[in-house]
There are 2 protein chains.
Amino acid sequence: MASRRFDPDRRDRIIDAALDVIAVQGVAGASHRKIAEYAGVPLGSMTYHFASMDELLTEAFRRFGNSIADRFDQQLEQAIDVDGARLAVVDLIHLDLLDSQRDLVLTHELYTLAARKPVFRQITRDWMARSRRALGLHFDPDTCRMLDALIEGLFIHAALDTEPHDRATTVEAVARITTPHHHPARTAQ
Amino acid sequence: MASRRFDPDRRDRIIDAALDVIAVQGVAGASHRKIAEYAGVPLGSMTYHFASMDELLTEAFRRFGNSIADRFDQQLEQAIDVDGARLAVVDLIHLDLLDSQRDLVLTHELYTLAARKPVFRQITRDWMARSRRALGLHFDPDTCRMLDALIEGLFIHAALDTEPHDRATTVEAVARITTPHHHPARTAQ
DNA sequence: CCACGATGTGTACGATCGTACGCATGGCCG
DNA sequence: CGGCCATGCGTACGATCGTACACATCGTGG
């Protein structure tokens, strides 16, 4: 029998606030104090709900990764053939990328953490595994890896390129990467 | 007539030290004090040679970007035909990626900064422009964009994937992305 | 040879950080 | 209805940070 004062939402609110603060200020600029203020909870609440900053970041980025992977699943599950899957991927890129600078920033922040700390690398790998599994519904494993890499690259460049990405180019790129290369007759030797 | 005590190398040494410290500790963990200690210069030297931390980071990442782009140029300049260029790209990926965790970490750090601060976004764009220009020696502009994105994605995934990347897959991916998609006879409607 | 100015450094200040810890609060059992 | 204990919070501590600025050092012009 927990006390009635216990607020299960508070923990969630802190996690969401953490993601919001990180999206704007970066992991480097996200302190207990700023997150607490943004979430509207006292500073002491931070260490009460989360043993350390890393624990909070861990949970936050796990939530973030899952939310992105959910969209992957949704888009790809309803595709009925390969062409549908290709279209789904293009939509994924052009919907997720263009509308949300926030997701891009958070992705970069996560990758930066992942490059250095094993905990976050695992989170990233789990996320990538989910994405690849979704792609695996329609493409062979090797193609999944290539396509996944392409999506990643397009995603990242979208954040940095000054001009908006051209949808037709994305369509062509996805078509190419999902089409096995026809090796011409072997040349000399 | 500058004083003979002036040491032009010192500034360079600080910049290199900054990159080394960032590679290990991240931008977040790279303080004036740590960089100074690593470079073997007094703390006061930091603010003497660089007006602010941002100025130091700016110069450091500009140097980093140029060093990578130089390798791009070297590899691609000596390719004599498209197949040679494809091979050069594969080598680029598998040499730069696999040998150097350092470059990967620094790239992520730069991108994270670029996602938030315009100064670093410009540095990243300059770097990307140089890379794309190198690719442009052998491929058409659209292909350059796609190939560039693919390289980026492979690069990034290499840092996070647990198992080493398969060269054959990279060869296939590069072949696919550089081969225009043959559109089959249009279907219904 | 001396004093001056350019070049470089040691130190100290105010801000901010993560975290620990003692205390307030208010449901619940006897 | 009164005391107890789980729940949650305010505050303070030690560490670290970027930066400013007074001062040391030494080549050099007069």
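Just so we're on the same page: letters track the sequence lines, and every chain starts at 1.
Rounded to whole Å, atom P of D:dG18 lies 14 Å from atom CD of B:E37. In this structure, CZ of B:R33 is placed 11 Å from P of D:dT19, rounded to the nearest angstrom. Whole-Å rounding puts the B:L43 CG to C:dG8 P distance at 16 Å. One atom, CZ of A:F50, and another, C1' of D:dC9, lie 16 Å apart when rounded to the nearest Å. Between A:K34 atom NZ and C:dG18 atom C1' the separation is 14 Å, expressed in whole Å. For A:I14 and D:dG8, the CD1 to C1' distance is 11 Å, given to the nearest whole Å. Rounding to whole angstrom units, CE of residue A:M46 and C1' of C:dC17 are separated by 14 Å. One atom, NE2 of B:H32, and another, C1' of D:dC17, lie 10 Å apart when rounded to the nearest Å.
Here B:R145 does not pair with A:D166 in a salt bridge; the nearest charged N to carboxylate O distance is not below 4.0 Å.
When the side-chain nitrogen and oxygen atoms of A:S31 are compared with OP1 and OP2 of C:dC17, one or more of them lie within a distance under 4.0 Å. A sub-4.0 Å separation between OP1 or OP2 of D:dC9 and a side-chain N or O of A:S45 is present.
Between D:dC9, D:dG18, C:dA12, one nucleotide has an atom nearer to the side chain of A:R10 than all others, and that is D:dC9. Comparing C:dT9, C:dT11, D:dG8 by their nearest atom to the side chain of B:Y48 picks out C:dT9. Comparing atom distances between the B:P42 side chain and each of D:dT19, C:dT19, C:dT9 picks out C:dT9 as nearest.
In summary, the side chains of A:D126 and A:Q122 do present a donor paired with an acceptor at a separation below 3.5 Å, with no hydrogens or angles considered.
The six-membered or imidazole ring of A:F61 lies away from that of A:W127, with a centre-to-centre distance of 6.0 Å or more.
Considering only heavy atoms from C-beta on, A:N66 comes within 4.5 Å of A:R130 through its side chain.
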